[in-house]
Asks: 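The following block contains the structure, expressed as structure tokens.
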Amino acid sequence: MPAVLRNSRFEDPVKIAVCIKRVPDTETRVKIAPDGKLLDEAGVKFILNPYDEFAVEEALRRREHGGAGEVVVIALGAPAAQETIRTALAMGADRGVLLQVDRVPADGLEVAKALAAELKDGGFDLILFGKMAIDDYNHQVGPMTAELLGLPCVTAVAHLEIEGGKGVAEREIEGGVEVVDFPLPAVLTTDKGLNEPRYPALKGIMAAKKKPLDVKPTTLRAGGLEILALLPPPERKEGKIVGEGVAAVPELIRLLREEAKVL
Amino acid sequence: MTAVLAVLEQRDGAVRKTAHEVVTGARRVANDLGGGATVDALLLAAGPVRGAEDLGRFGADKVITLTNAAFGSYAPEASAAAITDRATSGGYPVVLFAASATGKDLAPRVAARLGVALAQDVTDVTVEGGAVTAIRPVYAGKALLKVKFLGRPALLSLRPNVFTPVERPKAGTPVTAAVAGGPGRVVVTSVKAAEAGALDVAEASIVVSGGRGLKEPANFRVLEDLARAFGGRAAVGASRAVVDAGWRAHADQVGQTGKTVSPTLYVAVGISGAIQHLAGMRTSKVIVAINRDKDAPIFKVADYGIVGDLFEVVPRLTEEIKKLHG
């Protein structure tokens, strides 16, 4: 364990980092840019990644429960990601850091390296991520960052209890729930079910404008993945309405057997 | 000789179904690489693994079982260390995982230790001019991203149910070795198993999902009856709306904030088809929608639709399926 991370005891004020991402809204109609490799961002509405909301909420609850501490939100992204950080500050985080890049690379390990460099001397008891981002579905930056920092990590946490420098997390696996013990400091990625994220109140939105937000120009290496193309999903062949009501059931069965051959 | 490493899962000493898919994927990559490339299957276990002897049939030339008491349950740190060691010593150009809950947790740890890139939840992998390329759904399945690996090894996790197992009449050579080391700091102390016999929606070959159209939680009984009629191959899923309403467990949720499923047959009952839901099921092979509203968006992705009252249509469908399996 790196000496720079203080040995956490939760009698101390907690210091929590939450790594967040600015992503296109779920409802976005995906239009591919003329280069055939990226999303055409014109007219796209951006939001705080929904899984990161669980991470921000959990950090705030831990701080509120402890009565003291600090919640720092860190985003790696384009200049506009400052708005996303302000959203988390409006929810109640104390300060923000933007690792400013032109574009988030396809290779999550490069993102993890930049985040690890920012986090390593921060003295955090807990480092939280959403379990994945809803744009690139990379599903990796949290655990990679943990590995680079030499910290224990539990991913996709849906239930969490922390006491006396130790945590117990629950995560869904196929056909069950794993109960996992881990020591602090640790990196956790959050799943739905962990909590109900709050909406920023007007007071919080006003307060967020005055909270510190440190913008750090960041250079990343190209990484180990080259984007060849962003493609439309394969067209599902035109479906058919088999019919109306119970009368259509025998024909559906026939089609599933003879045409689709799945029965 | 070049070999592809297929990292497989076992639970309670038995090979998981996804293992056959990962070996099949590895076989495909090995064939694409050419030059007689082979497949090494890797299992981490506390002892002998049931089903390891069958992996040859799915394309494994060698079946390596690394044993350590810690591997009796999922030990992320010890597993990552053992796989990293094996990947390094074996000089594999490609390492494949399953994009299961465990695989998605494990693969990034190994990638970071090896200092290489990872593509998760891949739906297609090919070798083009010696370079490994992968295709994976992004933006809630509204686009596919095609990437090329610039370094080696290329690490990928394969979306469950996409790589249909292909059998061949061969056996793999078993190799067993004990590995040293403790379990690590992150320890799985127990697994709360779901209801006995209940299939997970992410693993079932047939998924019957219900939404608001079911009207109340008790009515999911009609879907459970239908699922049962398929004879143990079907699981019951749910839309986000009914999970948020507390009618069904989050474990059953299909969609963006739930599970991604890719079954052979997906039956959407009383589900309108919001984009979040489509994100979780649009790679299903055949989609059937049953809904009262003929304009529901679910019909746009469905191969077959029935417009009508689900409380009449589904019981009839259950009867017909029972006849087939009778």
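Naming: A, B, ... by sequence-line order, numbering from 1 per chain. Computed from a predicted model, the values in this text were never measured in an experiment.
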Asks: If you count heavy-atom pairs within less than 4.5 Å of chain B, which of A/Val246, A/Leu228, A/Val154, A/Val180 leads?
Replies: A/Leu228
Asks: Under a 4.5 Å heavy-atom cutoff, which of A/Asn138, A/Leu225, A/Thr155 has the most pairs with chain B?
Replies: A/Leu225
Asks: Below 3.5 Å, can you tabulate the donor-acceptor pairs from side chains in residues 106-116 of chain A to any protein atom, sequence neighbours excluded?
Replies:
from, atom 1, to, atom 2, distance (Å)
A/Asp107, OD1, A/Leu109, N, 2.9
A/Asp107, OD2, A/Gly224, N, 2.7
A/Glu110, OE2, A/Lys113, NZ, 3.0

Asks: Mind telling me whether B/Phe230 and B/His325 have parallel, tilted or perpendicular rings, with 30° and 60° as the class edges?
Replies: perpendicular
Asks: Please set out all donor-acceptor pairs under 3.5 angstrom arising from side-chain atoms of residues 288-295 of chain B, sequence neighbours excluded.
Replies:
from, atom 1, to, atom 2, distance (Å)
B/Asn291, OD1, B/Asp293, N, 3.0
B/Asn291, ND2, B/Ile271, O, 3.0
B/Asp293, OD1, B/Asp295, N, 2.8

Asks: Between A/Ala156 and chain B, with a heavy-atom cut-off of 4.5 Å, which part of the residue counts as in contact: side chain, backbone, both or neither?
Replies: neither
Asks: Less than 4.5 Å to any heavy atom of chain B: does that hold for the side chain of A/Pro233, its backbone, both, or neither?
Replies: both
Asks: Over all heavy atoms of both residues, which pair between A/Ile173 and B/Lys259 is shortest? Give the atoms and the distance, please.
Replies: O-NZ, 4.4 Å
Asks: Under a 3.5 Å cutoff, is there a donor and acceptor pairing between the side chains of B/Thr283 and B/Ser262?
Replies: yes
Asks: Apply side-chain contact (heavy atoms from CB on, under 4.5 Å) to the pair A/Leu263 and A/Ile253, showing each step before the final yes or no.
Replies: CA-CA 8 Å; A/Leu263 290 183; A/Ile253 295 280; 4.3 Å; yes
Asks: Taking every non-hydrogen pair under 4.5 Å, which of A/Ala186, A/Ala247, A/Cys153, A/Ala133 racks up the most with chain B?
Replies: A/Cys153
Asks: Evaluate side-chain contact (heavy atoms from CB on, under 4.5 Å) for B/Phe97 paired with B/Leu155, printing each intermediate quantity in order.
Replies: CA-CA 8 Å; B/Phe97 297 79; B/Leu155 262 59; 4.1 Å; yes
Asks: Heavy-atom pairs under 4.5 Å with chain A: which of B/Gln120, B/Arg16, B/Glu77 has the most?
Replies: B/Gln120
Asks: Looking at B/Val188, B/Thr189, B/Leu144, which one has more heavy-atom pairs under 4.5 Å with chain A than the rest?
Replies: B/Leu144
Asks: Drop me the distance from A/Thr190's OG1 to A/Arg171's CZ, to the nearest 0.5 angstrom.
Replies: 12.5 Å
Asks: Counting heavy-atom pairs closer than 4.5 Å to chain B, which one of A/Gly176, A/Gly175, A/Ala146 comes out on top?
Replies: A/Gly175
Asks: Based on non-hydrogen pairs under 4.5 Å, which of B/Ala251, B/Ala119, B/Ser157, B/Ala202 is most in contact with chain A?
Replies: B/Ala251
Asks: Test side-chain contact (heavy atoms from CB on, under 4.5 Å) on A/Val56 and A/Leu128 and set out the steps.
Replies: CA-CA 8 Å; A/Val56 174; A/Leu128 303 178; over 6 Å; no
Asks: Please determine, by modelled atom types, if B/Gln253 and A/Lys192 share a side-chain donor-acceptor pair under 3.5 angstrom.
Replies: yes
Asks: Quick check on A/Leu255 against chain B: is it the side chain, the backbone, both or neither that has a heavy atom closer than 4.5 Å?
Replies: both
Asks: Using non-hydrogen atoms and a limit below 4.5 Å, what part of residues 27-41 of chain A faces chain B?
Replies: A/Glu27, A/Thr28, A/Val30, A/Lys37, A/Leu39
Asks: Run the side-chain contact (heavy atoms from CB on, under 4.5 Å) check on B/Val147 and A/Glu226 step by step: do they pass?
Replies: CA-CA 5 Å; B/Val147 291; A/Glu226 180 191 337; over 6 Å; no
Asks: Do the side-chain N and O atoms of B/Tyr74 and B/Asp105 include a donor-acceptor pair separated by under 3.5 angstrom?
Replies: yes
Asks: Which one, B/Arg136, B/Lys285, B/His250, leads in non-hydrogen pairs under 4.5 Å with chain A?
Replies: B/His250
Asks: Quick one: which of B/Gly115, B/Ala117, B/Ala107 has the most heavy-atom pairs under 4.5 Å with chain A, could you say?
Replies: B/Ala117
Asks: Hey, which of A/Ala260, A/Gly243, A/Pro143, A/Pro232 has the most heavy atom pairs under 4.5 Å with chain B?
Replies: A/Gly243
Asks: Who among B/Ile275, B/Ile135, B/Thr257, B/Ile206 has the most heavy-atom pairs with chain A under 4.5 Å?
Replies: B/Thr257
Asks: Name each donor-acceptor pair under 3.5 Å that joins a side chain in residues 307-316 of chain B to protein atoms two or more places apart or in another chain, with its distance.
Replies:
from, atom 1, to, atom 2, distance (Å)
B/Asp309, OD1, B/Phe311, N, 2.9
B/Arg316, NE, B/Glu320, OE2, 3.4
B/Arg316, NH2, B/Glu320, OE2, 2.9

